[in-house]
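What follows is a short report on a single structure.
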Number of protein chains: 2
Amino acid sequence: MRARNLALVLGEVSRNGPVTRAALAEITGLTKTTVSKLVGDLLESGMVTESPPPADADRSRGRPGVAVRLRGDRVAALGLEINVDYLSVCVMDLTRTVRLRRTQAVDNRDSSSTDVVRNLRDLALQAVDEAAAAGLSVAGAALAVPGPVDPAQGLVHSAPNLGWGDVRPADLLDLPFPVLVDNEANLAALGELWFGSGMPDFLYVSGEIGIGAGLVFGGALFRGTRGFAGELGHVVVDPGGPDCRCGGRGCLERYAGQDALLDAAPDGLLDGLIRRLTAGDTRARAACEQAGRALGTALTSAVHLLDPGTIILGGIFAPLFPWLRGPAAEALRHIRHVVPNFAVAEAGPDAAVLGGAGQVIQQVIADPAGHMPRATAGLQT
Amino acid sequence: MRARNLALVLGEVSRNGPVTRAALAEITGLTKTTVSKLVGDLLESGMVTESPPPADADRSRGRPGVAVRLRGDRVAALGLEINVDYLSVCVMDLTRTVRLRRTQAVDNRDSSSTDVVRNLRDLALQAVDEAAAAGLSVAGAALAVPGPVDPAQGLVHSAPNLGWGDVRPADLLDLPFPVLVDNEANLAALGELWFGSGMPDFLYVSGEIGIGAGLVFGGALFRGTRGFAGELGHVVVDPGGPDCRCGGRGCLERYAGQDALLDAAPDGLLDGLIRRLTAGDTRARAACEQAGRALGTALTSAVHLLDPGTIILGGIFAPLFPWLRGPAAEALRHIRHVVPNFAVAEAGPDAAVLGGAGQVIQQVIADPAGHMPRATAGLQT
């Protein structure tokens, strides 16, 4: 009961900003005494703080009390990402402000899952230390991985671009707080929802070495039956096409993945490709044309099956948007009923770690009792 | 308030079968007097009837009252379907028993939408008359059409196989009760959910002249943003393939639609095809092989995007299941994470009209006040 009421009060404070104890009692239907006790617990846990009410406070009902608001300098969440060619981490506080971001370029294809996770662990612990130095205590983490994940079990079924099959990265990470594991595109889609465009219905397309998609309908992720929905990279573009690491043939990834695109860059780097595209280089433009057409073919299938609101291109597709959009949209042009618009992602390259950390903050606010800092040792149960 | 309580009581009667007034009061939290008044209204409307309690009734709390149960001989729903080569109608009573089914083979490709709907109107009015002769009053209808529908507006955006664009068939039908319009595969999926296998998570694939799909997750239809999800027939099997009526190229329909399959039958009829397949005819088997492989390619994309629980083959794919399953499953074999099973539809060829009528019955039970027979004239608002 206390846990439920703590969540009720903290949820109200999170949604409606600074709010007095009296208003909290009115909104929640709890007595003023109960609210005061709950606010006391939340103050002690460092999740909220009290400050003078805003200048426009309603004084008609007598002297307004001080207002309760989320506190940003005590409780934090960690966003983590393992991708094929980088590791990434961010620290986000309870007010959803990013306090630290760090990305390490590293080719994870030639390393074992144990080694990759050990490197991420180092990066994560360093971030936890820096957060601690700023007074922040990490309540939990979310880890994004490039492949289908069973989120209930934290099991990465396969991440073919990493050469992973049936890995439980949270076990290997062994951090002193709970770590949820999810697909990179799913968390990036949440990042776009909360820290980017904020549209309620869209298909977020994440262009990396692999290509994934996160489907947001009515402001919530659509996960399918087992949590594996949105594997856009393995939609068939040509059943007679080249073999894919996934075991299939002619998958979208083979035509529009980062490897196929950066093949047209002299140094194999995105910056080099963009320089060539800007300069009008024929080979670079042809690579984008081919990738855009393949993307349009796969999206034609996706639009027919999913009916997304908007198609948002993220990852490396965001900086390449000006060159990909035309050929992709051309392929979709034939659909008779409404075709969704294309938009460029606004959450930036850190979308997945932002979405991951944001999801942990959402969980803390939904269950403050289960995340009180003094109970840190008990959090892993 | 009365409308809400009527729905509460009727919902309980529908879910839990014969139930006494005393039990209804206990379950709903309403007073016995209120329950008696509500049951009286439902009795008068013909939606329920009273009968002696079941033999195993709990007599420990004193003499049990008579039990209230759904009444099957007064209120009915109409399921309607317009497909490319047939019209279909069924009458279903409030206990979800089918009272009448009728299908008319007719090629609707050469007729205007007005003529097609007029033929369906004749069929529907005849069914309404026959239902009336049996004492049944039709409370509403659901119409299945082969193409993407905006169900909120009852607008068929395009049914390329019928040559329809932006048609409102309910207006043309002009029946004396409300008519909801939905995509054929969506209603067939509901038919399979309620009158077939009853599994909670599946992709229902409807093989007709066109190919559609209805996605059921957690016992509910997934419709996408605008209601257009599940257009499996226009998933791209080969971007360099033949033109499709939809405006695209190499769509699944061109390889596995009824026209492609029955091309291998001497008389162009399904029965003839099955006879040839059973006899081991090479051309018939090759047609099924090709259709099955194309179906497998499109389903590979669908599985990656949607992660359905089971793939259920319906329409003409049900009788052809023994010959389609192998090549389709072979194409899906490469997916590394769990691949859904194939199953044959159990709701039969009338799945769409059954699902449509079932949806109307569900609406009546959810809002009995809005469907009281004496208020028939007011129903069209």
Side-chain angles (χ1 to χ4, degrees), chain A residues 147-150 157-158 160 165 200-203 213 215 217-218 222-240 243-252 293-294 296-298 300-310 331-338 340, chain B residues 147-150 157-158 160 165 200-203 213 215 217-218 222-240 243-252 293-294 296-298 300-310 331-338 340:
Chain A
V149 176
D150 177 339
H157 273 274
S158 78
D201 298 287
F202 60 87
L203 177 71
L215 318 167
F217 290 95
F222 170 80
R223 292 180 172 278
T225 307
R226 304 170 193 87
F228 303 153
E231 288 291 306
L232 185 71
H234 303 286
V235 164
V236 184
V237 167
D238 179 356
D243 288 340
C244 178
R245 287 191 198 90
C246 80
R249 292 186 69 177
C251 298
L252 173 63
R293 273 199 308 270
T297 299
T300 299
S301 295
V303 166
H304 280 303
L305 287 171
L306 300 164
D307 182 24
T310 299
L332 284 164
R333 202 176 48 85
H334 304 287
I335 300 177
R336 289 242 175 101
H337 49 283
V338 196
Chain B
V149 176
D150 178 339
H157 273 273
S158 79
D201 297 287
F202 61 87
L203 177 71
L215 318 168
F217 290 96
F222 169 82
R223 293 179 173 280
T225 306
R226 305 169 192 89
F228 303 153
E231 288 291 307
L232 184 71
H234 303 286
V235 165
V236 184
V237 167
D238 179 358
D243 288 342
C244 178
R245 287 192 199 90
C246 81
R249 293 187 69 179
C251 298
L252 173 62
R293 273 199 307 271
T297 299
T300 299
S301 294
V303 166
H304 280 303
L305 287 170
L306 300 164
D307 182 25
T310 299
L332 285 165
R333 203 175 48 84
H334 303 288
I335 300 177
R336 289 242 176 102
H337 50 283
V338 196

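Computed from a prediction, not measured in an experiment: that's the story for all the values here.
Contacts between B/L215 and chain A at a heavy-atom distance below 4.5 Å involve the side chain alone, from C-beta outward. Interface residue B/A302: backbone and side-chain heavy atoms are both found under 4.5 Å from chain A. Heavy atoms closer than 4.5 Å to chain A are found in the side chain of B/S158, but not in its backbone. B/P340 touches chain A through backbone and side chain together, each having a heavy atom under 4.5 Å away. Contact annotation for B/P148: only side-chain heavy atoms (C-beta onward) come within less than 4.5 Å of a heavy atom of chain A.
Scored by the ring-ring contact (aromatic ring centres under 6.0 Å, His included) test, A/H334 finds no partners at all (sequence neighbours excluded).
Annotation for A/H234 and B/H304: closest pair O-CD2, 3.1 Å, computed over non-hydrogen atoms. Taking every heavy atom of both residues into account, A/A229 and B/L305 meet most closely at CB-O, 3.2 Å.
Although no hydrogens or angles enter the test, the distance criterion places no donor-acceptor pair under 3.5 Å between the side chain of A/S301 and the main chain of B/V235.
Counting heavy-atom pairs closer than 4.5 Å to chain A, the top-ranked of the candidates B/P239, B/G248, B/G233 is B/P239. Ranked by heavy-atom pairs under 4.5 Å with chain A, the list B/L306, B/T300, B/D201 is led by B/L306. Between chain B and the options A/V236, A/D238, A/L332, heavy-atom pairs under 4.5 Å are most frequent for A/V236. When the candidates A/I335, A/T225, A/L232 are compared by the number of heavy-atom contacts under 4.5 Å with chain B, A/T225 comes out ahead.
Using the six-membered ring where Trp is involved, A/F217 and B/F222 have ring planes that are perpendicular, over 60° apart on the 30 and 60° scheme.
Note on residues 222-237 of chain B: pairs passing salt bridge (Lys or Arg N to Asp or Glu O under 4.0 Å), not counting sequence neighbours, are A/D307-B/R226, B/D182-B/R223.
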